[in-house]
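Labels below follow one simple rule: chain letters A, B, ... track the order of the sequence lines, proteins then strands, and each chain is numbered from 1. What you see is a predicted model, and the numbers here were worked out from it, not measured in a lab.
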There are 2 protein chains.
Amino acid sequence: MAGKRTDARRKQHAQASVDDAAGQEARAEPTLARERIVVTAVELLDARGVAGLTMRELAERLGSGVMSLYWHVSNKEEVLDLALDLVLEPPHCVEFGNWREEVVHQLEDWRASMLRHPWSVSLLPRRALGPNLLSRLELLSRALSKAGVADADVNAAIWSLWNHPVGATITRVSFTLSDDDMAAGQRRLARGSDRYKAIEQSRLLLDNDWDGAFRKGIDFLLDGFARAK
Amino acid sequence: MAGKRTDARRKQHAQASVDDAAGQEARAEPTLARERIVVTAVELLDARGVAGLTMRELAERLGSGVMSLYWHVSNKEEVLDLALDLVLEPPHCVEFGNWREEVVHQLEDWRASMLRHPWSVSLLPRRALGPNLLSRLELLSRALSKAGVADADVNAAIWSLWNHPVGATITRVSFTLSDDDMAAGQRRLARGSDRYKAIEQSRLLLDNDWDGAFRKGIDFLLDGFARAK
DNA sequence: ACCTGAACACCGTTCAAGT
DNA sequence: ACCTGAACACCGTTCAAGT
């Protein structure tokens with residue numbers, strides 16, 4: 001969790017890690033192999049999940065020896081960082097008339113990106129924030145700056161909006177169970193039906209309009225901001 | 001991610017898995033070892049994080065052979081499930097006068113539990129929901145039933161509240177960096193200072209009043225519900 | 001009913017070489 | 001500058017036995 005983050009003994013080329021955004025036009029050649037690795041890693045993650053990403057398997061898919069990877073990449077950790085970041089690329093900046101639509105669009109796009117690559121959400125908690133995540137945060141901040149939220153509340157407002165897709169996607173992924181698990185869950189609910197009375201009554205776990213609930217959640221927040229104004 | 005969830009070839013005693021809530025008073029003896037394992041697993045996770053939890057290390061801490069664990073537990077996966085669930089035990093039901101305080105209390109307690117065991121939040125996405133998580137969902141549903149939210153919105157309201165601590169805790173954990181990372185992040189921001197103008201200006205990443213922002217987020221949502229009523 | 005050690009099929013990564 | 005295979009120190013888990 002904490003880990004050894006001090007990568008002083010990094011190979012020189014590794015300045016071009018997730019960390020830096022500048023200077024990406026120069027020396028495009030060596031970066032190419034790096035990109036191939038990351039793209040293939042994403043494919044592998046899509047196909048086999050986090051547990052399926054193995055340096056050995058990754059190398060095989062690339063038709064190279066395992067250790068060749070380590071010239072382009074310092075770690076398996078770094079492969080995960082890069083794969084996560086690749087998948088979270090923000091949308092090209094669309095200009096909407098009103099800031100409300102802009103916020104909704106940004107958050108829905110983010111959620112959609114994560115749902116397209118369900119492993120990404122499980123990597124979110126333990127990875128440092130990559131540049132693409134930072135860019136999204138920046139875009140969100142800008143959109144919200146037009147909303148006229150009180151100065152004292154604006155940061156809290158940004159974080160609340162930010163947390164919504166994160167939480168919603170995790171919830172969605174962890175509550176989307178195999179049919180077996182679903183059946184087991186139903187049985188569990190039925191067994192202790194007094195314990196989970198409210199859940200059963202509201203059909204909370206069966207009413208799976210995740211998209212609608214997500215959208216409504218954004219609206220609740222935005223309405224809440226308006227009221228706090 | 002998908003994985004082999006069909007545990008037909010489970011040892012008999014393993015009916016007493018996370019799944020079931022009934023029949024926990026009978027035959028307390030064998031369960032004791034199970035509990036010891038889980039408690040020790042939590043200690044180990046607290047000390048060394050997810051990567052530090054090893055069946056071998058766990059056995060050593062318990063003073064037993066590695067394979068002894070497998071009589072009480074079918075998997076490392078199951079150890080993680082049980083550890084997660086143990087840590088998410090809901091608070092004893094306190095009766096508040098108003099539902100608003102009740103909701104706030106529940107969500108703050110949940111967040112605090114996760115922050116006490118930061119590894120728990122990284123396990124949330126990939127584990128099925130244990131009984132304690134379900135209980136929390138039930139308690140939240142009940143508290144909110146007194147809020148008078150429109151029928152069509154009540155489930156979306158519950159999910160929005162539910163997602164808030166999940167997202168907030170993940171954000172808090174992944175933005176709480178080592179000092180090294182913090183410095184690196186600052187440098188990154190400074191370098192592309194036009195790219196991250198809004199973030200810098202609002203001092204979003206430096207203003208680390210996480211508790212306050214979390215609480216305000218709840219209020220935004222609750223105010224949003226009131227408006228949608 | 002409960003515990004065990006040996007063994008298997010994997011991991012990520014170091015190192016010393018190759019071209 | 002880029003790639004490689006052998007080797008090391010780990011993993012989780014199966015199996016066949018022990019008590």
[atom1] of [X] versus [atom2] of [N]: gap in Å, rounded?
X: Met67(B); N: dC3(C); atom1: CE; atom2: P; answer: 13 Å
X: Glu60(B); N: dT4(C); atom1: CD; atom2: P; answer: 13 Å
X: Leu69(A); N: dC2(D); atom1: CG; atom2: C1'; answer: 13 Å
X: Leu58(A); N: dT13(C); atom1: CG; atom2: P; answer: 12 Å
X: Arg34(A); N: dC2(D); atom1: CZ; atom2: C1'; answer: 15 Å

Look at Ser68(B) and dT4(C) and indicate whether a side-chain polar atom (N or O) is within less than 4.0 Å of OP1 or OP2.
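Yes, Ser68(B) has a side-chain N/O under 4.0 Å of OP1/OP2 on dT4(C).
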Does dC3(C) have OP1 or OP2 sitting under 4.0 Å from an N or O in the side chain of His72(B)?
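Answer yes for this pair, as a side-chain N or O of His72(B) is under 4.0 Å from OP1 or OP2.
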I'd like to check the side-chain contact (heavy atoms from CB on, under 4.5 Å) partners of [X]; sequence neighbours left out, ordered by chain and number.
X: Arg203(B); value: Leu206(B)
X: Leu115(B); value: Arg111(B), Thr169(B), Arg172(B), Val173(B)
X: Ser160(A); value: Leu221(A), His164(B), Phe220(B)

Do Pro165(A) and Phe214(A) touch side chain to side chain, with heavy atoms closer than 4.5 Å?
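Yes. Closest side-chain heavy atoms under 4.5 Å.
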Report yes if the side chains of Leu107(B) and Val103(B) come closer than 4.5 Å at any heavy-atom pair, otherwise no.
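Of all side-chain heavy-atom pairs linking Val103(B) with Leu107(B), at least one is under 4.5 Å.
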From Asn75(A) CG over to Tyr70(A) OH, what is the distance, rounded to the nearest 0.5 angstrom?
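One finds 7.0 Å between CG of Asn75(A) and OH of Tyr70(A).
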How far does the P atom of dC2(D) sit from the matching atom of dA16(C), given to the nearest Å?
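These two P atoms come out 22 Å apart once rounded.
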Leu133(A) to Trp162(A) - nearest heavy-atom pair and separation:
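Shortest heavy-atom contact: O-CH2, 3.4 Å.
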Can you say whether the rings of Trp159(A) and Trp210(B) are parallel (under 30°), tilted (30 to 60°) or perpendicular (over 60°)?
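If you compare the ring of Trp159(A) with that of Trp210(B), the planes turn out tilted.
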Taking only residues two or more places apart in sequence, or in another chain, which ones meet Asp109(B) in a salt bridge (Lys or Arg N to Asp or Glu O under 4.0 Å)?
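In terms of salt bridge (Lys or Arg N to Asp or Glu O under 4.0 Å), with neighbours along the sequence ignored, Asp109(B) is linked to Arg136(B).
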Runs of at least three Watson-Crick or G-U pairs with DNA chain D, cut-off 3.5 Å:
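C:4-8 with D:12-16, C:12-16 with D:4-8 - these are the stems of 3 or more pairs that involve DNA chain D.
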Using nucleotides 7-12 of chain C, report all nitrogen or oxygen pairs with the protein that are shorter than 3.5 Å.
unit_1, atom_1, unit_2, atom_2, d
dG12(C), OP1, Met55(A), N, 3.4
dG12(C), OP1, Lys76(A), NZ, 3.0
dG12(C), OP2, Met55(A), N, 3.1
dG12(C), N7, Arg56(A), NH1, 2.5
dG12(C), O6, Arg56(A), NH2, 3.3

